[in-house]
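Shown next, in structure tokens, is the structure this report addresses.
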2 protein chains.
Amino acid sequence: MSQIRILIVEDEPLIAVDIEQVLTDINYEVSGIAFTVDEALHQLQHNTPDAVLLDINLDDEKDGIYIAEIIHQQYQIPFIFLTSHADRHTLDRAKKSNPAGYIVKPFDEKDVLAGLEIALYNHAQKQTQSQPKLSLTNINKKLRHPLTDREFAVLQAIYEGQTNQQMANAMFVSVNTIKTHIANIYLKLDVPSRTAAIAKVRSW
Amino acid sequence: MSQIRILIVEDEPLIAVDIEQVLTDINYEVSGIAFTVDEALHQLQHNTPDAVLLDINLDDEKDGIYIAEIIHQQYQIPFIFLTSHADRHTLDRAKKSNPAGYIVKPFDEKDVLAGLEIALYNHAQKQTQSQPKLSLTNINKKLRHPLTDREFAVLQAIYEGQTNQQMANAMFVSVNTIKTHIANIYLKLDVPSRTAAIAKVRSW
DNA sequence: TAAAAAATCATCCTTTTGGGTGACTATCGG
DNA sequence: CCGATAGTCACCCAAAAGGATGATTTTTTA
């Protein structure tokens, strides 16, 4: 497995080099160091890293959050903020840019390692849970009349896009049985269709 | 709006009181302090807080991650780890328990504030994004034949559980038009049904 | 062990979707 | 001005899904 390549965006050279040292020590590869917004954007485009460490308070008219927004919109890679004196307004903007994590300055080697690992892990989680599974307990928590195991299995299958016939085959029962389960699901969820059911439980 | 109530789980009294001071200073309410796992569980059940600050390295045979797992499974509240000397194995377990955030010790007032705010915000985001919106650009990034604006609007409506007739009414066109759009969507997404379309784009 | 709940299947009928095809109009870029 | 693209609509037919009702068999549980 090849190394994870990280871009550091930090206008203070001493800190930047410091971080670079830490990262290479613990076996990450630093794809580049950008001291300005423009350098960062250039690096992103021409030498795309796997993750970005991003100083919020760049000494530039466009700050780190500006870069964050671009990363969020155009690239699919996680970025972690390095924050020091984040005022409330800056913090608000930062939060909305969907960062994978934060590391609060002043930080030592351990902080960077922990923050980075955790952020990367979380991001990976988000990416790989391509089929976010439904949870029976979570769903039933919200229902007066809880779903039975069988009904839940059917709901799962609906959620995954299966037809009634496919479910019947997979579960070794007749389509009529599936339809009965579905009718009961609709009653309990108070919806009129499979798509409505999906929309309703999606966030549960 | 009432104060956010926070439970502190920390076996070192000096640190615990320290954190309590910080939190009350910045207008959070500390619902309680637990020095042991049992105390923590008791507090959770009988005086349920809105969030938990959780020391990973409790001096107990059951550590903070044990509590984290219970919180994750039984309560819907966010928890933030206070970590100091997290070894790799502990870190691995911690990551899997789905924390809302981390704060690395030694921390000062600013760290706690920033970590807590961010964690709570992220958690709130997760909870409230009941209808995660689809993104045309994200979807088109993955398609050979990109969706048109109109097709995307229809896909959105499908995603929200609408019927063809409802869409037609809402968009002031005939059901036939909607059906044409849907047929084209299926071609481009390479799916045979609305539920399959939903399942396919859900994670995009 | 008797009652309740869950799972199974059927039948009839209606509505919604999906597939295929053709056509008209508006817009935009060369 | 022409061709490509997008948006609109129609008609036909087939397949899938939904609504209502009743019934039988397991399984659970009080």
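Scope of the values below: all heavy atoms of this structure, side chains included, with no hydrogens, waters or symmetry mates.
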**OP:** Test A:R194 against A:N164 for side-chain hydrogen bond (donor to acceptor under 3.5 Å, both in side chains), laying out the working first.
**Re:** CA-CA 11 Å; A:R194 34 210 317 78; A:N164 293 349; 2.9 Å; yes
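- Per the geometry, CD belonging to A:Q166 stands 8 Å off P belonging to D:dA17, to the nearest Å.
- Residue A:P13 comes nearest to A:F35 through the heavy atom pair CA-CE2, 3.8 Å, listed as atom of the first residue, atom of the second, then distance.
- In this model, the phosphate group of C:dT8 is not approached by any side-chain N or O of A:S174 to a distance below 4.0 Å at OP1 or OP2.
- A:M171 CE to A:I178 CD1: the interatomic distance, rounded to the nearest 0.5 Å, is 5.0 Å.
- Rounded to an integer number of Å, the gap from B:K188 NZ to D:dT5 C1' is 9 Å.
- Atom pair B:L189:CG and C:dG19:C1' shows a separation of 16 Å (rounding to whole Å applied).
- Applying the 4.0 Å criterion to OP1 and OP2 of D:dT8, one finds that B:H181 has a side-chain N or O inside that range.
- The shortest heavy-atom contact between B:A40 and B:I67 is CB-CD1, 3.6 Å.
- The nucleotide whose nearest atom lies closest to any side-chain atom of A:D149 is, among D:dT8, D:dA6, C:dA7, C:dA7.
- Between the CD1 atom of A:I185 and the P atom of C:dT8 there is a distance of 12 Å, given to the nearest Å.
- Atoms CZ (B:F172) and C1' (D:dT8) sit 16 Å apart, rounded to a whole Å.
- At least one side-chain nitrogen or oxygen of A:T148 sits closer than 4.0 Å to the OP1 or OP2 atom of C:dA7.
- Residue A:I182 contributes atom CD1, which lies 14 Å from atom P of C:dT17 at whole-angstrom precision.
- Note on A:T177: every side-chain N or O is 4.0 Å or more away from OP1 and OP2 of C:dA7.
- Across all their heavy atoms, A:L134 and A:Q156 have their closest contact at O-NE2, 3.9 Å.
- We find that CG of A:N164 is positioned 14 Å from P of C:dT17, with the value rounded to whole Å.
- One interatomic measurement links the two molecules: CD1 of B:I158 to P of C:dT16, which rounds to 15 Å at whole-angstrom precision.
- Not one side-chain nitrogen or oxygen of B:T180 sits closer than 4.0 Å to the OP1 or OP2 atom of D:dC9.
- A sub-4.0 Å separation between OP1 or OP2 of C:dG19 and a side-chain N or O of B:Y186 is absent.
- Residue whose closest nucleotide on DNA chain C sits further toward the 5' end, between A:E151 and B:T163: A:E151.
- Side chain of A:N176, nearest nucleotide from D:dC11, D:dG7, C:dC9: C:dC9.
- Two residues, A:V175 and B:Q162, neighbour DNA chain C, and the one matched to the more 5' nucleotide by heavy-atom proximity is A:V175.
- When the nucleotides D:dT8, C:dT11, C:dG19 are ranked by their closest atom to the side chain of B:K179, C:dG19 comes out on top.
- A residue-by-residue look at B:N184 and A:T195 shows that B:N184 has its nearest nucleotide of DNA chain D further toward the 5' end.
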